[in-house]
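What follows is a short report on a single structure.
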Amino acid sequence: MSSSPAILPVTNQQAATQSQPPINSHAFRTFLSRLSSSLRESLSQRRPWLELVDRSSFARPDSLTDSFSRIRKNLAYFKVNYSAIVSLVLAFSLLSHPFSLLVLLSLLGSWMFLYLFRSSDQPLVLFGRTFSDRETLLALVLTTIVVVFMTSVGSLLTSALTIGIAIVCLHGAFRVPDDLFLDDQEPANAGLLSFIGNSAATSAAASVVAARV
């Protein structure tokens, strides 16, 4: 009596590939968690807004050197408030130009879902062609350069940053910092946005590494 041949299990590789998530959800959740923690820690250093606009603390600087000294001290003390002002100027500029905002959001989404948080074992396939990580990164970099430097988006961002920094410098030059008490841990020459520089860079680097592993 002949025995029937053994049936080998067949794995549907296409179905397995399609079942994988398009992004590395663990890296994405880690990034959001660290970003949220960094923002909460940064906002905890915010100074009272009434202290920022106290009219009795404003006076004309005696010289250019005095202006730079005031700006340096005020930046170290009001760095979170100043960063919020610059962010509001940027947000207002982008909201007043919906097309530029849409372009930037699309560019950010492309970086997040096509490279940063895409699973390393999930190849990028477009129009029937598979793109490597290097090719994807090169395409995103070139697209970013074109969008930022060769369209109105770049000039919009530059103008908004210039206006925001000008407001900060003007306030810092006329705000007398004699009544401010800087923490010993905070260097007096701390620059604008320095309070999120290290934490944001650490979060981004950790997320990128986790996403590519």
Side-chain angles (χ1 to χ4, degrees), residues 18 20-40 42-43 46 79-170 191-213:
Q18 292 178 351
Q20 295 177 354
I23 65 172
N24 190 328
S25 56
H26 174 71
F28 189 66
R29 289 194 301 267
T30 302
F31 172 79
L32 291 180
S33 176
R34 295 188 178 184
L35 179 61
S36 177
S37 299
S38 299
L39 288 176
R40 285 197 300 268
S42 301
L43 291 176
R46 177 180 55 85
K79 53 188 176 183
V80 178
N81 304 74
Y82 284 159
S83 298
I85 292 174
V86 175
S87 299
L88 286 175
V89 173
L90 278 172
F92 179 78
S93 299
L94 290 174
L95 290 175
S96 60
H97 297 79
F99 177 75
S100 298
L101 178 60
L102 180 61
V103 170
L104 283 179
L105 290 178
S106 301
L107 184 62
L108 178 61
S110 299
W111 272 99
M112 292 178 62
F113 294 103
L114 296 182
Y115 186 78
L116 294 178
F117 302 115
R118 179 173 54 84
S119 301
S120 58
D121 56 349
Q122 182 81 10
L124 178 63
V125 181
L126 293 176
F127 306 108
R129 184 181 185 279
T130 302
F131 293 86
S132 64
D133 284 350
R134 181 175 297 181
E135 292 173 332
T136 304
L137 177 61
L138 179 61
L140 288 172
V141 169
L142 292 178
T143 303
T144 302
I145 292 175
V146 171
V147 169
V148 173
F149 295 101
M150 299 183 182
T151 65
S152 59
V153 175
S155 60
L156 175 65
L157 293 177
T158 302
S159 301
L161 284 174
T162 301
I163 294 174
I165 293 175
I167 294 174
V168 167
C169 291
L170 186 63
L192 186 63
L193 295 177
S194 63
F195 76 103
I196 61 172
N198 295 332
S199 57
T202 302
S203 300
S207 299
V208 171
V209 171
R212 307 318 307 163
V213 173

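Quick caveat: nothing in here was measured; it's all calculated off a predicted structure.
Put simply, CG on L108 and CZ on F113 are 8.5 Å apart, with the number rounded to the nearest 0.5 Å.
L107 and T143 get closest at one heavy-atom pair: CD1-CG2, 4.1 Å.
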Could you list the donor-acceptor pairs under 3.5 angstrom formed by side chains in residues 144-153, with sequence neighbours left out?
unit_1	atom_1	unit_2	atom_2	d
T144	OG1	W111	NE1	2.8
T144	OG1	L140	O	2.8
T151	OG1	V147	O	2.2
T151	OG1	V153	N	3.4

If you look only at distance, which donor and acceptor atoms sit under 3.5 Å apart when one is on a side chain in residues 156-165 and the other is two or more places apart or in another chain?
unit_1	atom_1	unit_2	atom_2	d
T158	OG1	G154	O	2.8
S159	OG	S155	O	2.8
T162	OG1	T158	O	2.7

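Counting only residues at least two apart or on different chains, no side-chain hydrogen bond (donor to acceptor under 3.5 Å, both in side chains) pair has a member in residues 97-107.
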